[in-house]
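Step one of this worksheet: look at the structure below.
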Amino acid sequence: MNRLLKNILFFLFPLLIFLLLLLFFPISKNDNSYFGCIIDKNKLINNSHLKQSLIIVGGSNIAFGLDCKKMSLLYSKPVINYGIQGGLGVVFQLEYLKNRVNKGDTIILIPEYDQYLGDNIYGSGKALSKALILSGVSNFSLLNPHQFRKVLPFLFNSSLENVKLNIYKDLNLERFGFNEFGDFIAHLDLPNRQIDVFDKYSSKLAFNRESIRKIEEFSQYFKKKGVGFLISYCPYPKSLYELHQKKIQVISLNIVKSNLKILGRSQDYVFPDSLFFEYPLHLNKTGREIRTNLLIKQINSFN
Amino acid sequence: MLFTSFNFLLFFIIVYFTYWNVGIEKRKILLLLSSNIFYAFWDYRFLLLLNGTILIDFISGLKIDQYNEKKIKEKWVLVSIISCLFILFIFKYLNFFISSLSSFWGNEKYYFSTLDQIVLPVGISFYTFHGISYVTDLYNRKIKAEKYFINYALFVSYFPLLVAGPIERAGNLLNQISNKIVKFDYDNSVIGLRLILIGVFKKLVLADNFANIVDEVYEYYSIYSGSTILLATFIFGLQIYFDFSAYSNIASGVSKLFGYELVINFKFPYFAKNPKEFWSRWHISLSSFFRDYVYIPLGGDKLSKLIFIRNVFLVFVLSGLWHGANFTFLVWGVYHALMLIGNRYTFIFRNIEKNKYTFFISVVITYFLVNLGWIFFRSPSISTSIILLNKIFSSTLFSFPYIQNGTIYLPILVLALLYIGVEYLAFSKNKLDVHELFGNLKNGTLRKSFYYLIVILILGMGSYSENSFIYFQF
């Protein structure tokens, strides 16, 4: 028995050292994939001190579907499009913001409906591990034990990817598709791509009240810090909305019943299918313009 | 609690170290207790059902042994078998039976919505079959009745095989539990760890990654071409093999670490030269169960051609339905029955396999036929299977297969082919499993390097979305 244990430990020790070395490998600035935008968006957040910024947080529905440049010019203050990917989960994004926002800043949270289902609000292990590697291993402290368990199996893969990117040039270009406000703009002049099967975007998970409770917790925290905190709804194609109406109604009813300050109603953000680019949450140029104007109108009427 | 989860790793470490540090007399109690905890993690409500079944079969066993009169023995065999089949019927087939009946009559008056709420207890098809084989073997005087409840309960509920087999026989596992004085064996433990490593690799790297492709194509088949559906079907053939054989490897490896040997469940099935050989290599514990308890008692192939055909149909219809209460499994069973009958009475396999140069062709034909059968197995309904077959045998079969984001799985396909190459090496050297090849490597550094490579592949390319093993649903 002792011999077996000794051999297992001798086998695992170099492996552990190897994994740690990988984990602490310098962050590659070479990641030009869509996800690489997290490096630039975090930089925008870190450089926005004392400017009464407006930060819009959520997944790709924000990256693709909001014109923060226009909003920034309109309000004459920094407006940051902190929309990355729904898979990341807004809990991680909001934890990241906790020590980086200041009194006078405002956060508008617009999660995808999926984030209210199951434990999606805590993100997927794959997206979180990628985000951790790209934003620095020190951000491990932002994870709760549940997220940590999700991340663990993917860490090696993401670290290896990071090492690869330190050596090879990344041939992806998506990261260059963002403007200086964090808006994804590369798709604006492209024709719509067909959304193949709408049914694909139906989650089997159920609404989780915990997601609203968690957002309320963040709202309280930011309120105490003097940071404004509002919540709104993501854009949704009409045909998919009809398919998921019941689920969305449960979600929006729970949001309405919460202590959160809300901008608009879920129905306001139901748009014709033709306004979406290639995915049910990604608006095209026209859709983005309509949605941005609607949000501006709702912010103005709220103030 | 999946074998590939952190929960299981933690559970296993605790049980393993406690097991080897308590007295010999307490080890079986510990394993029995751990098996119940393991099962409770799936669904604690069914612990009563599991232990109730065990108790009935145990008492029946004692009674069969106690009496000499054939009629009394038969009565107790029936008590045990009927109780096993009854709970199997209620939990697995009642819903299917009533809904089929109501749709057959074209009205819903036979259908009760509460039936939808009947949950299938995990592993029910496996542990009820343990009970059936035990009392039947007792009745046929192949074994002696187990006198100690703990031994029998552990035989049925032993956690490495509780939820997805292999279906053990009392002659093997119960015999070990009752009579073997388990001592720690270093070499056996190393083999156990090796089996676990290979199993985890097959599950996380190969099976679970392939699952992503297969799920995509089978769910949204309307947008895919015949060639893509055919490719996904072949990939499903690999997925189900890697998935189930991985489970068997891990179960066997874990069991070795506790000092017990399980039966071999897979012997390179895709290198079979004909459908008959396929079934002597695929899910061996199930096919041998049906052979010994249904096919042979009904006369096998000894009586007449017609009886042989009847027996083959019966065995494969039952085998199909064992996999699930759905007409798709029934058709899959009939398809294999037809293949076996064709195997015996047509020239195709009889002639082709005799020529050593045509070995390759016979393997390819068998592989192709078996894989076509997976369409019924994987489809949610017969109508979907027909649509898929129509698509496959259409002009789109000649288009280039395309799966959304499919190229990211190319390295997995390459790895799978490499693994099959290693399997072929083991097969050609008459090994029982790939792990024996590693055992034969004399160079320790080379052996260790392979282990490191497998671990790195698991960590780097594994799919960690908590996909349960396919055979859990049966």
Side-chain angles (χ1 to χ4, degrees), chain A residues 1-23 33 87 118-120 124-130 145-146 148-164 172 193-205 278-279, chain B residues 2 4-7 9-10 13 16-17 19-21 183-194 196-197 200 204-205 208-209 212 215-217 219-224 256-257 259 402-405 444 447-466:
Chain A
M1 179 84 154
N2 285 343
R3 186 176 156 213
L4 184 76
L5 280 181
K6 204 174 80 185
N7 283 347
I8 292 174
L9 289 177
F10 273 131
F11 178 78
L12 291 179
F13 186 69
L15 202 68
L16 202 69
I17 300 287
F18 177 60
L19 292 180
L20 285 173
L21 280 176
L22 278 186
L23 203 59
S33 69
D119 68 346
N120 286 350
S124 74
K126 199 172 183 177
L128 279 171
S129 66
K130 182 111 175 124
H146 181 59
F148 187 76
R149 259 186 59 173
K150 281 180 159 206
V151 160
L152 220 51
F154 296 94
L155 267 184
F156 177 78
N157 198 310
S158 301
S159 313
L160 209 63
E161 200 63 28
N162 179 45
V163 175
K164 250 167 61 184
N172 281 308
R193 292 179 194 164
Q194 200 195 346
I195 301 173
D196 41 20
V197 188
F198 268 118
D199 193 34
K200 217 182 233 188
Y201 306 101
S202 303
S203 172
K204 290 184 179 93
L205 296 172
E278 59 15 313
Y279 182 75
Chain B
L2 293 175
T4 48
S5 67
F6 283 113
N7 285 350
L9 182 68
L10 203 67
I13 289 171
Y16 182 74
F17 285 106
Y19 182 80
W20 290 112
N21 284 298
K183 283 182 185 158
F184 181 82
D185 180 336
Y186 175 81
D187 293 329
N188 214 29
S189 302
V190 170
I191 295 173
L193 288 172
R194 208 181 283 149
I196 294 170
L197 187 67
V200 173
L204 291 181
V205 180
D208 285 357
N209 275 307
N212 297 330
D215 292 350
E216 162 75 22
V217 176
E219 187 122 353
Y220 308 106
Y221 55 84
S222 59
I223 57 166
Y224 288 109
K256 269 182 193 293
L257 289 167
Y402 169 78
I403 302 168
Q404 252 183 12
N405 301 323
R447 198 168 54 232
K448 225 182 211 176
S449 307
F450 272 119
Y451 297 156
Y452 276 121
L453 179 70
I454 294 173
V455 172
I456 286 169
L457 286 172
I458 292 169
L459 292 172
M461 296 175 89
S463 171
Y464 295 95
S465 47
E466 294 257 315

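Residue numbers begin at 1 in each chain, while the letters A, B, ... track the order of the sequences.
Interface residue B:Asn7: only side-chain heavy atoms are found under 4.5 Å from chain A. Contact of A:Leu155 with chain B is not made at all, since no heavy-atom distance falls under 4.5 Å. Both the backbone and the side chain of A:Phe11 come within less than 4.5 Å of a heavy atom of chain B. Proximity to chain A (any heavy atom under 4.5 Å) is shown, for B:Tyr452, by both the backbone and the side chain.
Expressed to the nearest 0.5 Å, how far NZ of B:Lys448 lies from CG of A:Asn7 amounts to 7.0 Å.
With no hydrogens or angles considered, no side-chain donor-acceptor pair links B:Tyr464 and A:Asn157 at under 3.5 Å.
Across B:Phe6 and A:Arg149, no two heavy atoms sit closer than the pair CE1-O, 4.1 Å.
Ranked by non-hydrogen atom pairs under 4.5 Å with chain A, the options B:Ile458, B:Leu193, B:Leu204, B:Ile456 are led by B:Ile456. With chain A as partner, the option from B:Phe184, B:Trp20, B:Tyr451 having the largest number of non-hydrogen pairs under 4.5 angstrom is B:Phe184.
Side-chain atoms of B:Leu459 and A:Phe154, non-hydrogen and from C-beta on, never get closer than 4.5 Å to each other. Side-chain contact between A:Phe156 and B:Met461 is absent, with no heavy-atom pair separated by less than 4.5 Å. The shortest distance between side-chain heavy atoms of B:Val455 and A:Leu12 does not fall below 4.5 Å.
In the displayed structure, B:Tyr186 atom OH is contacted under 6.0 Å by more than 12 heavy atoms of other residues, nucleotides or ligands.
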